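Pasting in a structure now, in structure tokens, and then I'll have a few things to ask.
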Amino acid sequence: METLGAFVVEVGRCLANTVLSRFATLKNFQKNIQTLREELQKLICRENDITEDIDIAKIEGKHPPGQVKEWLKKVDKIKHEVEEIEQKARPLLEADPLDASIGQGCILDSNMRQKYQLSKSAAKKCDEVKQLIKEACDHPPMEDRKLSDIRVEHILAPSLVGQKAPEKLNQLMELLADKGITRIAVYGMGGSGKTTLVKTLNNRLESSASEFFDMVIWVPVSNDLDMKKVQSRVAERLNLALNAEESTERRACKLHRVLKSGKRFLLILDDVWEKIDLAIVGIPQGDDQANCKIILTTRSLGVCREMMTDKEIKMELLNEEEAWNLFAQNAGNIVESEDINPLAREIARECGGLPLAIETMGKSMRDKTMIQLWQHALWQLKHSEPHYGSFDKVYLRLKLSYNSLPSKIFKWCFLSCSLYPENFLIKTRELIYCWIAEGLIGERQTFEESFNDGIAKLEYLKDSCMLEQGEGIGTVKMHSVLREVAIWISSNEKETGFFSSSLQGMLEKLQTSFRRVSFMNKSIASLPTRLLGSSNLTVLFLQCNPLNKIPDGFFREVRVLKFLNLSSTQITSLPSSLLHLRELHTLLLRDCRSLENLPPLASLYKLQVLDLCGTRIRELPKDMGKLIHLRDLNLSHTHHLEIIMEGSISGLSSLEVLDMSFSAYKWDVKRNVEGAAFDELLSLRQLSVLHIRLETVDCVALDYAGPWFGRLKEYTIRISTRSCDTNLPTQHDEKRVILRGVDLLKRGLEELLCSASALDLVSCGGMSSLSDIVARKNSCGLPNLKSLTISNCGCITSLLIGEQTLRSTLTNLEHLTLSRLDNLATMVDGIVRRGCLGNLKTIKVVGCGRLKNLISFALLRLVQNIEEIKVSDCRRMKQLIAENYYETLPKLKTIELRDMETLRTVCSREMEGSALERIEVSNCPSLGKLPFAARDALTIKQIRGDLNWWNSLRWRNDADKISLQQRFQATED
């Protein structure tokens with residue numbers, strides 16, 4: 001019984017404790033819920049602190065350890081669990097906010113069981129929350145971000161084509177190794193292989209990236225620039241999380257922190273169409289960019305300039321052999337077929353060396369055996385007809401360059417170049433005239449300003465790789481495939497109004513939509529009586545056709561024509577209907593060598609440009625002076641022009657450019673009964689460019705209106721009794737004076753010589769040296785002269801005489817040529833003050849038989865900026881440069897020596913500190929020693945000469961010869 005009693009008592013005690021515990025839990029329902037809320041709020045505050053720490057760490061290029069990430073997951077989970085408890089407790093708390101059911105009201109509450117469960121859960125969850133708060137204090141620090149294990153992502157790339165591509169790849173590798181270069185551009189026209197080159201570079205860096213970079217980041221850009229996409233691509237490679245909702249500036253800040261962390265990065269930005277502000281992207285600038293190099297590819301050199309690249313590499317087109325090999329590779333063995341091979345080679349040539357066009361055309365013709373298909377493909381290419389299939393993709397890709405041009409004006413400037421034949425060298429001046437006539441360049445500017453505007457547009461098109469520099473001076477050309485694209489665009493966008501065709505039949509009836517039409521160089525021998533359907537025509541090219549007559553009514557329908565080119569035709573006269581072209585702005589009749597007479601031109605009152613160069617006209621129309629808007633008149637090479645009526649020139653009040661070089665017309669100082677006198681030129685207040693030949697100095701001496709040539713910005717003034725002197729090219733803004741057979745001490749020349757920037761003296765007399773001119777009162781030391789050529793002046797014994805040269809002379813002279821001066825014994829006689837010849841860069845001396853040395857002691861101290869010396873046929877020359885231990889020629893880069901049997905030495909001692917890069921020696925058998933040593937092999941790039949001469953040279957030691965041997969190139973006999 002006692003045992004049973006003890007058991008009952010113990011059970012009772014346990015039941016009592018349980019009941020009391022549950023009762024306490026139930027009674028603390030409201031308190032437990034409130035405590036849980038408070039502890040959860042503490043946890044949330046700690047979570048916010050840690051999240052902020054993580055954000056800061058990410059900006060610094062660090063990342064949270066796994067323990068922190070796991071803790072955040074637990075916090076997120078417990079927040080949801082607490083939210084569930086609160087949702088269940090909320091209605092109970094609202095129903096009985098004072099908890100009256102416990103201790104004050106009825107114990108048998110219907111919600112008592114639910115309250116007990118929630119109170120118990122709240123107490124337990126509160127302990128868990130407290131534990132998480134405690135764990136937050138023990139978290140490890142943030143870790144440095146781990147970059148991707150892949151330093152370089154391999155990119156599929158076609159093989160490089162052409163011999164120059166591997167060279168450019170090696171050049172890129174060298175530039176990447178150069179610490180002084182941080183931004184490199186690869187540019188060229190669309191389809192030239194830019195992307196292929198940098199993809200190949202990217203893949204090559206797979207094996208050698210660790211030598212240069214910790215990571216290579218490839219970023220495709222495209223013509224639709226999206227800064228956030230660029231940022232996202234960079235961040236993806238950096239394992240850096242960017243929020244899409246964040247601002248560009250915030251994202252840039254994060255990228256910047258990582259990219260300047262000390263790691264070495266290479267960013268390859270492919271297909272850039274406009275300037276990318278690298279700072280906005282987040283790419284380090286200035287000193288911070290030392291470890292972050294950039295390569296970009298673009299079609300525009302202008303983009304390179306805007307992005308301030310350190311080095312630009314232009315993608316060259318393939319030569320004919322390379323183009324054929326690429327075409328054959330893509331077209332297959334069928335190209336070796338005897339019948340197809342000639343056609344295939346012609347098709348490859350028509351692609352103009354553009355890899356994209358060659359590959360596309362080759363693939364489209366692959367293994368096609370029908371010769372008709374090859375003939376048709378060639379015909380399409382030659383006639384710029386629309387292609388079917390894959391070749392259209394070439395046009396569409398190249399059209400992107402056209403679409404990217406900044407305005408419709410630039411687009412029309414580009415399309416106008418397609419009016420010229422394939423591979424034609426387009427004269428820039430003629431092209432700009434066309435643009436001015438069309439209104440693509442404002443007429444309210446002076447002609448010089450308009451011309452500069454045109455040059456700027458041309459340079460923009462060249463920088464965009466849509467035009468190329470021509471081989472001739474003042475020319476451009478259009479790539480054959482780009483010309484086809486331009487014609488394709490014109491055919492699809494009728495509103496442009498451009499049309500170029502080889503079909504003579506089109507002349508019979510033009511479409512009214514045509515406004516700019518070219519029939520240039522189409523072997524057109526005859527024209528229809530009228531040019532029908534041409535009411536909207538503004539530009540017409542008919543030049544370079546064997547036309548000998550234009551029907552009188554041919555231009556009757558062409559009322560709004562502004563630009564007409566009839567150059568290099570065989571016409572003998574102009575049709576009467578030409579005089580109805582009241583809107584005509586430019587009329588070009590250049591090299592119409594059968595054209596002898598001009599009709600009255602006064603009705604063409606809007607005419608601004610008239611080119612009569614190379615015609616056989618004998619006189620200008622009597623009403624010529626009524627062309628008050630004429631701004632440019634070209635009468636050069638008019639070898640038969642004898643009559644210019646009085647008032648014909650002075651009436652041209654708007655004239656800015658007059659070219660009468662090699663014209664037969666004789667200008668007199670005084671007015672005579674036969675024609676215009678020289679003073680008519682003096683009345684042309686707008687004249688800024690003049691090319692003219694005068695027979696005497698008298699016209700130059702006219703000073704009643706001031707020195708008239710001082711108003712000119714550019715001129716060539718020839719004073720000579722001969723009408724056909726050598727045609728020397730005139731540089732822009734050059735003021736060239738050519739005197740032949742003139743007494744140089746005759747009064748009236750001083751002002752002209754003082755203003756000249758280029759001076760040519762041929763067979764002149766009256767002086768023994770230039771000091772005779774300089775010593776004169778008004779010569780001013782010839783301060784503007786940059787180029788001086790003296791030839792066949794037997795009276796000259798020296799260039800300058802010290803005692804007569806009391807002022808600084810020829811201080812800006814850069815180029816000096818002396819030819820056939822039989823009595824020239826020395827360049828400088830006596831001591832000439834420093835400053836004279838101080839800017840001289842090149843000296844060329846030919847056939848000066850009395851010179852024993854070129855640069856004497858006195859001259860050596862003056863010409864410290866000389867870069868190039870060329871001497872030939874000076875039979876007494878023994879030494880080129882006099883020995884002086886205190887003076888050198890530190891900038892001398894080139895020496896050429898020819899046909900001097902007595903020349904023994906260049907310089908008697910070694911040319912220490914020289915920048916010499918190239919020396920060429922021909923027929924100088926006595927020259928037995930060169931002033932070079934082994935160390936000079938670092939700067940000298942080329943030594944050219946006869947092999948026997950090289951082998952006979954004496955050297956101080958074998959090491960010198962061995963070192964320089966690799967620089968020697970034998971010349972052909």
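If you're wondering where the values come from, they're calculated on a predicted model, not measured in any experiment. Counting from 1, the numbers follow the sequence of the chain as shown.
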key: Those residues that, when tested against Ser654, pass side chain to side chain donor-acceptor pair (under 3.5 Å) (two or more places apart)   =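 Result, side chain to side chain donor-acceptor pair (under 3.5 Å) vs Ser654: none returned.
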
key: Qualifying residues under salt bridge (Lys or Arg N to Asp or Glu O under 4.0 Å), relative to Glu656, sequence neighbours excluded   =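 Scan of Glu656 (salt bridge (Lys or Arg N to Asp or Glu O under 4.0 Å), adjacent residues dropped) gives Arg631.
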
ask   = Going by atom types only, do Thr182 and Asp310 share a side-chain donor-acceptor pair under 3.5 Å?
value =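 Judged by distance alone, the side chains do pair up.
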
ask   = Which pairs count as salt bridge (Lys or Arg N to Asp or Glu O under 4.0 Å) when at least one residue sits in residues 221-233, sequence neighbours excluded?
value =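 Listed by first then second residue: Glu153-Arg233, Arg233-Glu236.
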
message = For residues 312-322, which residue pairs pass the salt bridge (Lys or Arg N to Asp or Glu O under 4.0 Å) check, not counting sequence neighbours?
response =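 For residues 312-322: Glu320-Arg349.
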
inquiry  = Between Ser300 and Tyr460, is the side chain to side chain contact (heavy atoms under 4.5 Å, CB included) condition met? List the steps.
reply    = CA-CA 9 Å; Ser300 171; Tyr460 187 93; 5.7 Å; no

ask   = Roughly how far, to the nearest 0.5 Å, is CG of Leu160 from CG of Leu169?
value =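 Between atom CG of Leu169 and atom CG of Leu160 there are 6.0 Å.
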
inquiry  = Is it true that Glu206 and His154 share a donor-acceptor pair across their side chains at a distance under 3.5 Å?
reply    =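 Side chains of His154 and Glu206: pair found under 3.5 Å.
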
key: Rounded distance [0.5 Å steps], CG in Leu197 versus CD in Gln171   =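 It comes to 9.5 Å.
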
query = Within the distance-only criterion (no hydrogens, no angle test), does the side chain of Asn203 pair as donor or acceptor with the backbone N or O of Ile155 below 3.5 angstrom?
reply =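 Such a contact is found between Asn203 side chain and Ile155 backbone.
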
key: Value rounded to 0.5 Å, distance of OG1 in Thr298 from OH in Tyr187   =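 Nearest 0.5 Å value for the OG1-OH distance: 10.5 Å.
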
Those residues that, when tested against Asp453, pass salt bridge (Lys or Arg N to Asp or Glu O under 4.0 Å) (two or more places apart) =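 Only Lys457 meet the salt bridge (Lys or Arg N to Asp or Glu O under 4.0 Å) criterion with Asp453.
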
key: Pairs where residues 394-408 contributes a residue and the test salt bridge (Lys or Arg N to Asp or Glu O under 4.0 Å) is met, not counting sequence neighbours   =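 Residue pairs passing salt bridge (Lys or Arg N to Asp or Glu O under 4.0 Å), neighbours aside: Lys399-Glu493.
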
ask   = Considering residues at least two apart in sequence or located in another chain, which fulfil the salt bridge (Lys or Arg N to Asp or Glu O under 4.0 Å) criterion with Glu167?
value =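 Per chain and number, Glu167 pairs via salt bridge (Lys or Arg N to Asp or Glu O under 4.0 Å) with no residue.
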
For Asn865, all residues meeting side chain to side chain contact (heavy atoms under 4.5 Å, CB included), sequence neighbours excluded =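 Side chain to side chain contact (heavy atoms under 4.5 Å, CB included) list for Asn865, sorted by chain: Asn839, Lys891.
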
request  = Using side chain to side chain donor-acceptor pair (under 3.5 Å) as the criterion, list what pairs up with Glu246, not counting sequence neighbours.
outcome  =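 Glu246: side chain to side chain donor-acceptor pair (under 3.5 Å) contacts with Lys254.
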
query = Which residues satisfy the salt bridge (Lys or Arg N to Asp or Glu O under 4.0 Å) test with Glu438, sequence neighbours excluded?
reply =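 Salt bridge (Lys or Arg N to Asp or Glu O under 4.0 Å) check on Glu438 returns Arg516.
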
Qualifying salt bridge (Lys or Arg N to Asp or Glu O under 4.0 Å) pairs with a residue from residues 270-286, counting only residues at least two apart or across chains =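 Every pair satisfying salt bridge (Lys or Arg N to Asp or Glu O under 4.0 Å) with a residue in residues 270-286: there are none.
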
key: Residues Ser787 and His815: side-chain donor-acceptor under 3.5 angstrom   =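 No, no side-chain donor-acceptor pair sits under 3.5 Å.
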
message = Check this for me, if you would: do Arg305 and Asp463 make a salt bridge, where the nitrogen-to-carboxylate-oxygen distance has to be below 4.0 angstrom?
response =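 Looking at Arg305 and Asp463, the cut-off is met.
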
key: Lys477: partners by side chain to side chain donor-acceptor pair (under 3.5 Å), with sequence neighbours left out   =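 Lys477 satisfies side chain to side chain donor-acceptor pair (under 3.5 Å) with Glu471 once adjacent residues are dropped.
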
query = In Å, rounded to the nearest 0.5 Å, how long is the span from CG of Asn452 to CZ of Phe447?
reply =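 It comes to 12.0 Å.
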
request  = May I ask you to decide whether Arg429 forms a salt bridge with Asp611, counting only side-chain N to carboxylate O separations under 4.0 Å?
outcome  =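 So Arg429 does not pair with Asp611 through a salt bridge.
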
